[in-house]
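Reviewing the structure listed below.
Note that the structure is predicted; figures quoted are calculated from it, not measured. Note that these values count all heavy atoms, side chains included, but never hydrogens, waters or copies made by symmetry.
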Amino acid sequence: MMNLEAVLKVVGPHFLGLSERIFTYGPQGKLLMKNLEGHWFTHCVTMSRHNVFPCDTIAETLQLLQSSSMDDPLPFALATLATSKTVWNESLLPAGGKISSHKTARVNVFVDALDSKNLLHKKQRERKVWWRKLAQCPSRFVLAESKKARSLDVTEIEARFPFGSIIVETITHYPSVRKLYPQTENNKDNAADVHMVEHVASLDWGCLALLCDSHMSDKSTRAYIHPKLSPYKTTFHIARQENETDSDIEDLNRFVLYLSNALRTRGISTILTNTEQIIEMCLIPYVVSVDKTSLKNGIVHVKNRSTTLAEAVHITDLVKYIHSRTS
């Protein structure tokens, strides 16, 4: 069974490493981080059931929202992407080791006091399920027992591995938000009836946990990552047939370029490569196979590397097919 050091050795330097007290990313790792951040933003901001406002400073944003009456109705939320210097997962690192900073994605939900407990429990379930849906082994992402931190109840979501647990998110209930609101006579009483539920995901530690999960799956010796997060969604394979001429090969190469550009135009990342090693290294989920027959009837075969199953898809449906499975 692989440990943390072994996983880092396998995935780095193309994906992720820990050096000089910081997270370091290779080219594939940067794309993974971007995809994780984008997926978080879509789920927690764009698709939220209540109003969510991106912000840099909570107090200033609250004042702005209150002045324009946009803080009503409750609940509403503020979302912040920032770099945190709070120590996480210190026990995983060698003695004396510490990561000095990590990127966080935080949502602060302001809710009526009477509804705060229900919202807290709902957020705990939602956030655990969110991580599980991205994992190859969903059951390793669990809610740890609540603990006290600064007199507040804090629940952590952690990914459990044989070498230890990686905390990926914290969920905290704040029974008072009076200090956050501008102190005027008109809002003191109102603020007393408002609670806050905060969930903070570490994008850096989350990337590490998902990479460990992808390389430590019991079902296969191969590594897989969720298609929503994979750096590249698709690559291509030219299936060679007998009696191919140089002209046939040139036509197939142009055909692959056409398909690749069609996918890229729709925001679906592809990579052109001839080696299985790069496909494995980049954790590419789908391989599109083309041959001479594809030029005549427009049918290509899309292989899912995780299931090893291949489906026949017409090129007019290829963008829709890949998009529906990777976004």
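- Looking at heavy atoms from C-beta onward, Q28 lies in side-chain contact with F15 at the 4.5 angstrom threshold.
- Within a 6.0 Å sphere centred on CZ of R264, other residues, nucleotides and ligands contribute more than 12 heavy atoms.
- Using a distance-only test at 3.5 Å, with no hydrogens or angles considered, a donor-acceptor pair links the side chain of D213 to the main chain of C137.
- Using a cut-off of 4.0 Å between Lys/Arg side-chain N and Asp/Glu carboxylate O, K128 and E169 are scored as not salt-bridged.
- Put simply, the residue from S306, S214, S230, P285 that forms a side-chain contact (heavy atoms from CB on, under 4.5 Å) with Y224 is S306.
- More than 12 heavy atoms of other residues, nucleotides or ligands shown are found within 6.0 angstrom of CG on D112.
- Within a 6.0 Å sphere centred on CD of Q277, other residues, nucleotides and ligands contribute 12 heavy atoms or fewer.
- In this structure the side chain of L8 reaches within 4.5 angstrom of the side chain of L208, judged on heavy atoms.
- Residues V290 and V256 are in side-chain contact: their nearest non-hydrogen atoms beyond the backbone lie under 4.5 Å apart.
- Counting heavy atoms from C-beta outward, L62 and L78 have side chains that approach closer than 4.5 Å.
- For the pairing with E37, the side-chain contact (heavy atoms from CB on, under 4.5 Å) check across L32, L81, T42 returns one residue only, L81.
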Would you mind writing out the side-chain donor-acceptor pairs for residues 311-320 within the sub-3.5 Å range, not counting sequence neighbours?
unit_1 : atom_1 : unit_2 : atom_2 : d
E311   : OE2    : Y321   : OH     : 2.9
H314   : ND1    : T316   : N      : 3.2
H314   : ND1    : T316   : OG1    : 2.8
H314   : NE2    : N297   : O      : 3.4

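- Look at E280 and R222 and you find a salt bridge, because one of the NZ, NE, NH1 or NH2 atoms lies within 4.0 Å of a carboxylate O, short of that distance.
- A salt bridge does not link K9 to E5: none of the charged side-chain nitrogens sits closer than 4.0 Å to a carboxylate oxygen.
- Classification of R140 and E158 as a salt-bridged pair fails, no side-chain N sitting under 4.0 Å from a carboxylate O.
- L31 and F41 fall into different hydrophobic clusters, where Ile, Leu, Val, Met, Phe, Trp and Tyr residues are linked whenever their side-chain heavy atoms come under 4.5 Å apart, directly or through other members.
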